[in-house]
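What follows is a single structure, written as structure tokens, with notes after it.
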Amino acid sequence: MSLHTMAPDGHTADHADAPVFAGARRAELDELLTRYPTKMAALLPALWMVQEERGWVSPEGMEEVARVLDLTPAYVKGVVTFYTMYHQHPVGQHFVQVCTTTPCNVCGAEDVVTAFLRETTCGELGVTSADGRYTVVEVECLGACGFATPVMINEALVECVSVDSVKDLLAGLD
Amino acid sequence: MGYPHPSHPRETPVISKHFGDAEARTLAGWQAHGGYDVLRQALATDPVEIQNVVKESGLRGRGGAGFPTGVKWSFMKPDGKTHYLVINADESEPGTFKDREIMRWTPHQLVEGTAIAAHAIYAETAYIYIRGEYTEPIARVREAVREAYAAGILGANAMGSGKRVDVHVHKGAGAYICGEETALMNSLEGRRGNPRIKPPFPAVAGLFAQPTTINNVETVCAVPHVLRHGAEWYKSLSSPSNPKSTGTKLFSVCGNVAKPGNYEVGMGFPMKDFLWDLCGGPPAGREFKAIIPGGSSVPILTPEECAAAVMDYEGIQSAGSLLGSGGVICFDDTQDMVRQIARLARFYAHESCAQCTQCREGTAWTVKILERIRDGEGTMKDLDTLLEIADNMTGKTICVLSDSCATPVVSGLKKFRHEFEAKIPKNRSMAMIPDLAPATA
């Protein structure tokens, strides 16, 4: 799966060169560092901050995290690539993750994926729609198996999504 | 109160009693239900005394392994070293969504249980590691922790006891393997979530190489109830016929079932009544074909095997599977078992941390072979190859992810072999595989 399409939604454009860890974010990181006996332990939270600010974790973002936590960029990249939730490429304004693991799969989750690919005009998993609004991916178990099919759209989990509800769900987004 | 369905009269709601009650989410609401009274008493009690009550109650780990909680705590001695408590809220075993509801509805129940457990193992610091996808549970628990600090329940002088109890929420970033305790500790330290070789065990050298106890969310949430009402009360909630499995257990039910959701019953509850009465049986007009009773990593059972089983550690084991995390996944008679077992294998292949060759290669080859059988391109020899690979993946790696991938393949082939064979074209031989076929003119 590839996530190569650039999102023209401004996530990356304006302030990509400005440091993430300045002002309030620096203070937040400093407070976090008091919770752990090592600087390295703040790595996952620091990467989350970069993604919250920038929409993805760019090579520059990894370098900055490495700098503030006294790690090497190679080490940081090794950690980033292990975890599925850090975006290593820009994604659409609405990042749609549809659970298709077994418990949801038996309830028809693959049809829900097909409906999202059609209604968002993405057409293909991991590809951002031409208008930059959507990226649709399959995700492994979201831990909401009793509410098949659960779908995460950015930070929000939507329970019990069906083929029939996809269109209205998308219409309700910004 | 049940959620998303009302409690069934035959449920025993202890931990889930306030699911669906938004009032219970707040500190004031939780205290109105007697919240934090037990913590106050516990902080004034010797840790060994708390360990003994929990030992006596028979409480066992609810994350899947079933290790006696009080015994685990008793490994932590007052040795002057920095101790850590880690709460495993990385709930990611397919079919399991109980900790999600605990954290969404009763975050203070978790904070209270965590603070008691920290005191019981001589720790001043606890980390609650919650999977990154659980955005709402993370927000609820963070808010509960914030409220608890503001009220002096947590902090340098917890509830005026003179003892320090710090609780921090740590957000994961997407990796099933981080539910494995040593992988979780690596992840918390800012590393890739690779499981560690044991020994050393966490009680000797765990998080930041310090003595560490790691407990599941549901386990520590049972503790305040055990301490409030006593070990005898806790044991009275479960079937008296099996003293090895005590108290209540939350079961998450999903897949092809009439009423999916969480159900809390006493250990030893008859599985037949559970599936057909509480959960309403299969969807209308269908029959159950298969049930995975304890999260996707445990052997698949037939409905007949389930109907004869009782729901506790030993009961499900004697039926041929494991209680695991309590995630009950139902398959009805419209499901293609080859397709679903291939999908499960794909999950494990995706989630392998790739440290061990048997797992990295074994999960990938298992998927390739299962998917070609699914697509009508398999051979009879493939069935033997699958079992051979499964054998190489069982008991031979640092953690059990590899075993977990092999388990549904082996039990699926045993119980649903006819479905696999039906997909293999008759008389298909090596000669029919294009790359291996002899050249023809």
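Protein chains get the first letters and strands the later ones, always in sequence-line order, with residue 1 at the start of each. If you're wondering where the values come from, they're calculated on a predicted model, not measured in any experiment.
- Annotation: side chain of A:T100 is in contact with side chain of B:R343 (closest heavy-atom distance under 4.5 Å).
- Pairing each heavy atom of B:A173 with each of A:L44, the nearest pair is CB-CD2, 4.3 Å.
- Taken from NE2 in B:H168 to CG in A:L32, the straight-line distance is 9.5 Å, to the nearest 0.5 Å.
- For the pair B:Y176 and A:E140, the minimum side-chain heavy-atom distance is 4.5 Å or more.
- A:L157 has its side chain within reach of B:R100: a pair of non-hydrogen atoms, C-beta onward, lies under 4.5 Å apart.
- Taken to the nearest 0.5 Å, the OH atom of A:Y36 stands 10.0 Å off from the CG atom of B:L207.
- The shortest distance between side-chain heavy atoms of A:F82 and B:S187 does not fall below 4.5 Å.
- Only the backbone of B:V169 comes within contact range of chain A, with at least one heavy atom under 4.5 Å from a heavy atom of that chain.
- Contact check for B:Y84 versus A:P37: side-chain heavy atoms found under the 4.5 Å cut-off.
- Nearest heavy-atom pair across A:G143 and B:R131 is N-NH1, 3.4 Å.
- Contact residues of residues 134-142 of chain B toward chain A are B:Y134, B:T135 (heavy-atom distance under 4.5 Å).
- No other option in A:Y86, A:W48, A:Y75 has as many heavy-atom pairs under 4.5 Å with chain B as A:W48.
- For B:C330, the part lying under 4.5 angstrom from a heavy atom of chain A is the backbone only.
- Side-chain atoms of B:P94 and A:T102, non-hydrogen and from C-beta on, never get closer than 4.5 Å to each other.
- Neither the backbone nor the side chain of B:S296 comes within less than 4.5 Å of any heavy atom in chain A.
- The contact between A:A144 and chain B is made by backbone and side chain atoms together, counting heavy-atom distances below 4.5 Å.
- At a threshold of 4.5 Å between non-hydrogen side-chain atoms, the residues B:I329 and A:C145 do not count as touching.
- Looking at B:S252, there are no atoms closer than 4.5 Å to chain A (heavy atoms on both sides), in backbone or side chain.
- For the pairing with A:N105, the side chain to side chain contact (heavy atoms under 4.5 Å, CB included) check across B:Q335, B:Q340, B:R346 returns one residue only, B:Q340.
- The candidate from B:P4, B:G193, B:A354, B:G172 with the greatest count of non-hydrogen atom pairs under 4.5 Å with chain A is B:G193.
- Note on B:E91, B:Q210, B:H350: by heavy-atom pairs under 4.5 Å with chain A, the leading option is B:H350.
- The shortest distance between side-chain heavy atoms of B:R191 and A:L43 does not fall below 4.5 Å.
- Residue-level contacts of residues 255-263 of chain B with chain A, in order of numbering, are B:G255, B:N256, B:P260; threshold 4.5 Å between heavy atoms.
- When heavy atoms are compared at a cutoff of 4.5 Å, B:I341 does not approach chain A at all.
- Annotation: maximal heavy-atom pairing with chain B below 4.5 Å, among A:V79, A:V80, A:L47, occurs at A:V79.
- Under the 30°/60° scheme for interplanar angles, the aromatic rings of B:Y3 and A:F147 are found to be tilted.
- If you take CD on B:E189 and CE on A:M40, they are separated by 8.0 Å, rounding to the nearest 0.5 Å.
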